[in-house]
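Report on the structure given below.
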Amino acid sequence: MQYTTTEGGLSMTVSVYLLCSIFVSSVFYILLRSSRCRRLRLPPGNLGLPLVGETLQLISAYKTENPEPFIDERVNRFGTLFTTHVFGEPTVFSVDPETNRFILQNEGKLFDCSYPGSISNLLGKHSLLLMKGNLHKRMHSLTMSFANSSIIRDHLLVDIDRLIRLNLESWSDRVFLMEEAKKITFELTVKQLMSFDPGEWTESLRKEYVLVIEGFFTVPLPLFSTTYRRAIKARTKVAEALSLIVRQRRKESEAGERKNDMLGALLAGDDGFSDEQIVDFLVALLVAGYETTSTIMTLAVKFLTETPLALTQLKEEHEEIRAKKSEPETLGWSDYKSMPFTQCVVNETLRVANIISGVFRRAMIDIPIKGYTIPKGWRVFASFRAVHLNHDHFKDARTFNPWRWQNNSGTISTANVFTPFGGGTRLCPGYELARVELSVFLHHLVTRFSWVPAEEDKLVFFPTTRTQKRYPINVQRRYGSQAM
Ligand code: HEM
Ligand SMILES: *[C@@H]1O[C@H](CO)[C@@H](O)[C@H](O)[C@H]1NC(C)=O
Ligand SMILES: *[C@@H]1O[C@H](CO)[C@@H](O)[C@H](O)[C@H]1NC(C)=O
Ligand SMILES: *[C@@H]1O[C@H](CO)[C@@H](O)[C@H](O)[C@H]1NC(C)=O
């Protein structure tokens with residue numbers, strides 16, 4: 001009896017041992033797959049299990065309110081440049097601002113961006129996010145010139161102000177802030193891109209759109225996922241609806257009619273874009289601004305609610321702006337430019353929330369860095385989040401403290417350290433637009449309403465940064481703010 005047990009134990013041990021060595025050897029296989037890699041000094045790290053690597057650890061960390069330990073532990077063991085294996089590939093993580101800057105500045109030279117095929121299908125092959133080289137340069141500057149600060153000041157702000165007020169007028173009792181913010185953001189983007197005012201058309205496009213977005217976050221085996229198939233179908237519908245508009249506008253444009261919007265700029269230029277190119281381009285802009293801007297609106301309110309002193313100071317700033325104006329309802333550019341504390345709140349929300357926690361790139365050649373080499377073809381992740389939440393760069397880095405931006409007292413060195421919008425040739429073309437939209441939203445919110453959270457709601461960071469319950473709040477119209 002005893003003997004058998006021992007033997008059983010032994011064979012257990014043997015098979016565990018065998019299994020382990022298969023695991024270990026396949027890890028080494030991945031590591032040393034090419035003889036080239038053997039010569040190279042990789043950044044230190046742990047590749048975890050074969051195939052899944054450390055993906056499960058990463059996901060379970062990012063599904064909590066405090067995902068930081070995943071990176072903290074690895075930085076403590078290996079330093080600010082480490083190797084892991086996530087989402088199907090060995091990946092070098094950079095948690096170092098200098099290296100991040102190096103990665104962003106060498107886009108197209110040493111690194112290029114790469115998305116999985118499932119995402120490319122949803123975006124469309126002519127999307128700005130997938131373009132490279134000269135075409136990317138051209139389209140990036142075109143996008144920038146559609147959303148730069150003089151365009152916002154002279155054209156976009158009026159509609160931003162009007163559509164946000166319009167949305168807030170319908171609020172009463174219980175509101176899911178994230179839902180309202182998404183609606184606002186979508187309506188604004190559709191208006192900016194093709195001059196449509198909110199209505200049934202926009203709302204039914206948005207319904208399809210939500211399905212497309214869901215497709216982006218079906219990570220494993222997208223081809224077998226119903227969410228993904230539904231997303232592809234919805235993408236086709238969205239593209240059809242947009243094609244119709246593009247064709248109509250092209251006709252009008254040939255007849256000499258020009259609207260002052262993004263679509264107008266695309267049709268009027270002498271680039272000769274096809275309808276398909278234009279549609280992909282519009283889809284990508286709708287994707288890039290939608291979740292990001294609406295999440296930042298929601299989280300700014302959440303952080304302010306949890307920091308009453310900051311909320312009080314913000315209210316005072318906006319009451320003062322309102323009191324000084326002859327037309328207190330609407331907000332102009334000079335008003336936007338007189339919100340110093342609001343700008344601190346905006347920066348601090350971007351810093352703490354990290355909507356885009358970092359960017360993936362691929363090494364185009366072997367890249368020597370900090371005494372190591374990133375092998376050609378390897379994936380790299382430049383983590384903004386880890387830098388923004390590092391105590392070496394920001395005092396008390398993990399606390400929401402908008403005052404730190406006032407005299408830069410709590411920012412130890414801002415240069416190149418604060419990159420919520422990325423940098424280099426792929427710097428977010430919507431960076432000013434997002435800031436303006438958030439500021440205008442906060443202005444109308446705090447001057448019209450007071451609110452309390454309707455339920456406790458938690459932040460999570462996977463698959464995207466969001467609150468679990470879409471942040472329900474109970475709102476009450478403030479005395480003196482009529483519902484026009
Ligand atoms: C809080 C809101 C936003 C954040 C945090 C954000 C962040 C970012 C970041 C980090 C990138 C760089 C991605 C990379 O390097 O791979 C990016 C790219 C981009 N963003 Fe934004 N974004 C925001 C809002 C917007 C808005 C409102 C628009 C609409 C105009 C927009 C349009 C884009 C586009 C088109 C790109 C791709 C640029 C390229 O690849 O050349 N974003 N964004
Ligand atoms: C913004 O873009 C417009 C073209 O759309 C251009 O004329 C203007 O100079 C740009 N302004 C800034 C501040 O870059
Ligand atoms: C917010 O951050 C930007 C960098 O993205 C910086 O230029 C700006 O001065 C900051 N604003 C404040 C109020 O510190
Ligand atoms: C900023 O500077 C002023 C005056 O120097 C000081 O009173 C204030 O406390 C400082 N703010 C912070 C957040 O340190």
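None of these values were measured; they are calculated from a predicted model. Atoms within a ligand are numbered from 1 in the order they appear, just like the ligands themselves. Nothing fancy with the numbering, it's 1 onward along the sequence.
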**Message:** What I want to find out is whether E203 reaches K183 closely enough, with some N-O distance under 4.0 Å, to be called a salt bridge.
**Reply:** no
**Fill in**
Looking at P420, P402, G423, C344, the heavy atom closest to atom 13 (C) of ligand 3 belongs to C344
**Item:** Ring geometry between F111 and F102 (parallel below 30°, tilted from 30 to 60°, perpendicular above 60°)
**Value:** perpendicular
**Item:** E317 versus T342, side-chain donor and acceptor atoms under 3.5 Å
**Value:** yes
**Request:** Answer yes or no for H136: is there a heavy-atom contact with ligand 1 below 4.0 Å?
**Result:** yes
**Request:** Please identify which atoms of ligand 3 are closer than 4.0 Å to at least one heavy atom of W405.
**Result:** 14 (O)
**Asked** Strictly by modelled atom types, are E348 and W403 linked by a side-chain donor-acceptor pair under 3.5 Å?
**Response** no
**Asked** Nearest protein heavy-atom contact for atom 12 (C) of ligand 1: which residue, which atom, what distance?
**Response** R426 O, 3.6 Å
**Asked** Should the pair R351 and F394 be classed as cation-pi, given the thresholds of under 6.0 Å to the six-membered ring centre and 45° from the axis?
**Response** yes
**Structural part of H140 in contact with ligand 1, heavy atom criterion under 4.0 angstrom** = side chain
**Request:** Compute the minimum heavy-atom distance from E107 to ligand 1 and say whether it is under 4.0 Å.
**Result:** no
**Asked** Does any N/O atom on N347 come nearer than 3.5 Å to any N/O atom on ligand 3?
**Response** yes
**Message:** Between K325 and D335 (salt bridge meaning N to carboxylate O under 4.0 Å), is one present in this structure?
**Reply:** yes
**Prompt:** With ring centroids as reference points, do F186 and Y209 lie under 6.0 angstrom apart?
**Reply:** yes
**Asked** Among M297, E437, R361, whose heavy atom sits nearest atom 16 (O) of ligand 1?
**Response** R361
**Complete:** heavy-atom search around atom 1 (C) of ligand 2 in the protein gives N148 ND2, 1.4 Å
**Fill in**
A student checking ligand 3 against F418 at a 4.0 Å heavy-atom cut-off should list atoms 2 (O), 4 (C), 5 (O)
**Prompt:** Tell me, which protein N/O/S atoms are under 2.8 Å away from atom 21 (Fe) of ligand 1?
**Reply:** C428 SG
**Message:** Parallel, tilted or perpendicular: which one describes the rings of F418 and H388, with boundaries at 30° and 60°?
**Reply:** tilted
**Prompt:** Side chains of R385 and S383: donor-acceptor distance under 3.5 Å anywhere?
**Reply:** no
**R362 and E89 ion-paired at < 4.0 Å** = yes
**Asked** Starting from atom 13 (C) of ligand 1, which protein heavy atom do you reach first, and at what distance in Å?
**Response** V359 CG1, 3.8 Å
**Prompt:** Is it the case that T467 and D457 place a side-chain donor and acceptor less than 3.5 Å from each other?
**Reply:** yes
**Prompt:** Is ligand 1 less than 4.0 angstrom away from at least one heavy atom of T143?
**Reply:** no
**Prompt:** Does the protein place any heavy atom closer than 4.0 Å to atom 9 (O) of ligand 2?
**Reply:** no
**Message:** Given F82, which partner from the list F381, F70, Y372, F93 fulfils the ring pair (Phe, Tyr, Trp, His ring centres under 6.0 Å) test?
**Reply:** F93
**Asked** Any N or O on S145 sitting closer than 3.5 Å to an N or O of ligand 2?
**Response** yes
**Prompt:** Heavy atom under 4.0 Å from ligand 1: found in P420's side chain, backbone, both, or neither?
**Reply:** backbone
